[in-house]
Amino acid sequence: VKAQGPGLEASGVVLNKPTEFTVDAKHGGKGTLRVQMQVGVGAGSHPHKVKVFGPGVAKTGLKALEPTFFTVDCAEAGQGDVSIGIKCAPGVVGPAEADLDFDIIRNDNDTFTVKYTPRGAGLHTIMVLFAGQ
């Protein structure tokens with residue numbers, strides 16, 4: 001008897017999401033087929049539930065060379081890694097787009113505080129990815 005499918009894989013079982021597997025018993029002989037399952041269930045990944053807020057992501061009110069911050073709240077997003085990037089547009093600190101340095105503080109409640117300082121007047125772009133989205 002052989003069994004295979006995503007429902008038997010370590011990453012194939014997610015809370016509240018259907019999964020499946022196939023049991024091939026054609027070479028198992030005569031008898032009753034019984035299935036007993038014990039699989040780990042993950043929380044899943046829900047990038048759309050990530051919240052980003054705070055003065056550092058406001059469309060107005062930021063000032064060049066003044067430190068600011070924002071919060072990334074992943075408490076309801078399930079399983080996944082957080083990736084953050086901050087860039088300033090060409091002309092802000094030079095002729096090309098530039099990456100900004102920032103500090104990330106991991107809080108106890110599945111939130112992160114991101115501190116950065118705008119390097120000049122102009123457009124700054126903040127990118128927050130959760131589980132690659």
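What you see below is based on every heavy atom in this structure, not just the backbone, and it leaves out hydrogens, waters and symmetry mates. For this chain, numbers begin at 1 and follow the sequence in order.
F112 and V82 make their closest contact through CE1-CG2, 3.7 Å (heavy atoms, listed as atom of the first residue, atom of the second, distance). Residues P6 and T19 come closest through the heavy atom pair C-OG1, 3.7 Å.
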What pairs of donor and acceptor atoms, side-chain ones from residues 26-33 against any protein atom, are under 3.5 angstrom apart with sequence neighbours left out?
none

For residues 54-69, tabulate all N or O donor-acceptor pairs below 3.5 Å that involve a side-chain atom, not counting sequence neighbours.
{"residue": "T68", "atom": "OG1", "partner": "G56", "partner atom": "N", "Å": "3.3"}

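Checked against side-chain contact (heavy atoms from CB on, under 4.5 Å), L129 has the following partners two or more places apart in sequence or in another chain: S83, M127. In this structure A121 satisfies the side-chain contact (heavy atoms from CB on, under 4.5 Å) test with no other residue, sequence neighbours excluded. In this view, N107 and T111, T113 satisfy the side-chain hydrogen bond (donor to acceptor under 3.5 Å, both in side chains) rule, not counting sequence neighbours. Residues that satisfy the side-chain hydrogen bond (donor to acceptor under 3.5 Å, both in side chains) test with K87, not counting sequence neighbours, are D99. Partners of F53 by side-chain contact (heavy atoms from CB on, under 4.5 Å), not counting sequence neighbours, listed by chain and number: K51, T71, D73.
The neighbour count for D24 CG, taken as heavy atoms of other residues, nucleotides or ligands under 6.0 Å away, is above 12. The neighbour count for Q4 CD, taken as heavy atoms of other residues, nucleotides or ligands under 6.0 Å away, does not exceed 12. Applying the 6.0 Å contact sphere to CG of D81 captures no more than 12 heavy atoms from other residues, nucleotides or ligands.
Distance alone, capped at 3.5 Å, is enough to place a donor-acceptor pair between the S45 side chain and the Q79 backbone.
Note on residues 117-133: no pairs pass salt bridge (Lys or Arg N to Asp or Glu O under 4.0 Å), not counting sequence neighbours.
I104 and V128 fall within a single hydrophobic cluster, where Ile, Leu, Val, Met, Phe, Trp and Tyr side chains are chained together by heavy-atom contacts under 4.5 Å.
Through direct or relayed side-chain contacts under 4.5 Å between Ile, Leu, Val, Met, Phe, Trp and Tyr, V92 connects to V93.
Counting heavy atoms from C-beta on, the side chains of F21 and V23 come closer than 4.5 Å.
To the nearest 0.5 Å, the span separating SG on C74 from CG on N109 amounts to 10.0 Å.
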Practice item. Start with the C-alpha distance between I84 and F70, add both sets of side-chain angles, then the distance that settles side-chain contact (heavy atoms from CB on, under 4.5 Å), and finish with yes or no. Key: CA-CA 11 Å; I84 298 170; F70 61 93; 4.3 Å; yes
